Amino acid sequence: MFDNHNHSQYSCDIPQGEGSTIREICLSAIEKGLSGVAITDHYDIDGIYDGYFPPLDHEGIYRDITEAKAEFEGRLSVYHGIELGQATHMPAEAKEQLKKYPYDIVLGSVHAVRGITDFSYTDIRSLSVAEYKALWDLYITEMLDTIDWGDFDVLTHITYPKRYYLANGITDFPDIKSKGREYFEPILKAVIDKGLTLECNTSGLRQIMGECLPNADLFSFYYELGGRDITIGSDSHHCRDISANFKEAMEMLRNIGFKYVTRFEQRKKYFDTL
Ligand SMILES: [Zn+2]
Ligand SMILES: [Zn+2]
């Protein structure tokens, strides 16, 4: 099993002195019995260019991953990835970055919509009902734009803002149990049509949502629409969380009918039994 979504101490959202080195991540992955791990540090392109996040040390990451690949050869596959946030806000810069390194896997993420920094830093509680519903609509639009842009492999953690809505006590936003299918149908269809992979992000099981992103209902809908291409990622920000909650996630996915998980090497797909 591979964990396809992990952050090292280099990630721009991890304060200095916290987080784990790439070597520590690899050692933890081996201890947990994984066959591979992808290092996918945050590159929230607009936040970095705006000075909201510190620049990402791409060279340091590349050096440490290269060393880890050599040290753990034969014991663990170490993949060089990147979590590209808001690529559509600066598509030329995103394209340029992807040319600079021989990435194994590129995660496509929407953490923010135009005009706000990140859902995790937005004071959602201060918004009116109309405003936070409009924000949800913008999130959907931004994801469709991201899929349309398309220079990535895996669409990550869809329903991401839900975590922050719930943390702010807001529960009456469109969700899979009400209008979720209407909202997410174009996104799931576009993922399938573009040949992209949908991520099962297990971080929600460690947080207020208590479910994967997306949840079982939405994965069932993806399956009904013909979607079969999935990855699993813990979205760990510390090596202790590598492959956290994979057991529950795998069981949920198998129960729906998924038979394999995708991994990426040099941005080519390989399929492993789930
Ligand atoms: Zn993310
Ligand atoms: Zn992440």
Side-chain angles (χ1 to χ4, degrees), residues 2-15 18-20 22 25 28-29 37-48 52-54 56-58 61 65 79-90 94 97 103-113 116-122 139-140 142-143 145-147 149 151-167 187 191 196-209 211-215 218 230-246 249 263-264:
F2 281 67
D3 188 337
N4 291 290
H5 189 157
N6 299 284
H7 299 284
S8 78
Q9 61 181 7
Y10 285 111
S11 213
C12 65
D13 60 334
I14 297 182
E18 294 177 27
S20 306
I22 287 168
I25 290 172
S28 174
V37 72
I39 311 293
T40 55
D41 283 324
H42 276 281
Y43 189 56
D44 281 84
I45 196 153
D46 50 353
I48 288 171
Y52 191 77
F53 290 122
L56 188 60
D57 181 2
H58 297 285
I61 293 168
I65 289 179
Y79 290 159
H80 184 193
I82 189 166
E83 182 174 4
L84 197 52
Q86 293 79 249
T88 55
H89 295 192
M90 302 184 78
Q97 180 57 40
Y103 290 110
D104 289 305
I105 176 170
V106 179
L107 307 182
S109 295
V110 176
H111 300 122
V113 299
I116 71 157
T117 41
D118 187 308
F119 284 100
S120 62
Y121 303 107
T122 303
Y139 170 67
I140 301 286
E142 293 254 357
M143 269 203 301
D145 287 348
T146 301
I147 297 166
W149 176 71
D151 195 0
F152 62 95
D153 306 307
V154 180
L155 183 68
T156 62
H157 52 57
I158 68 169
T159 69
Y160 173 82
K162 185 175 173 182
R163 173 191 296 168
Y164 303 103
Y165 279 49
L166 290 177
I187 291 166
V191 165
L196 295 167
T197 302
L198 185 68
E199 179 189 66
C200 175
N201 187 302
T202 67
S203 69
L205 288 167
R206 312 193 288 278
Q207 296 163 353
I208 191 167
M209 295 169 75
E211 59 188 18
C212 294
L213 293 86
N215 62 15
L218 217 39
I230 52 167
T231 58
I232 308 181
S234 66
D235 208 348
S236 69
H237 284 64
H238 191 280
C239 65
R240 65 175 165 258
D241 287 330
I242 306 283
S243 73
N245 306 99
F246 268 33
R263 66 185 158 84
F264 290 84

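This chain uses plain numbering: 1 for the first residue, then up along the sequence. What you are looking at is a predicted structure, and each value in this text was computed from that prediction instead of being measured. All ligand and atom numbering here is 1-based and tracks the order in the structure.
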May I ask you to decide if the ring planes of H5 and H157 are parallel, tilted or perpendicular, using 30° and 60° as cut-offs?
-> tilted
Indicate whether the side chain of E83 and that of S109 have a donor and an acceptor atom separated by less than 3.5 Å.
-> yes
In short, W149 meets T88 closest at the heavy-atom pair CB-CG2, 3.8 Å
In the shown structure, where waters are left out, how many protein N, O or S atoms lie under 2.8 Å from the Zn ion (ligand 2)?
-> 4
Knowing that exactly one of N4, N201, T156, N6 qualifies, which makes a side chain to side chain donor-acceptor pair (under 3.5 Å) with D235?
-> N201
Pairing residues for H238 by the ring pair (Phe, Tyr, Trp, His ring centres under 6.0 Å) criterion, not counting sequence neighbours = none
Report yes or no: do S8 and D41 form a side-chain donor-acceptor pair below 3.5 Å?
-> yes
Of all N, O or S atoms in H111, identify the one at the shortest distance from the Zn ion (ligand 1).
-> NE2
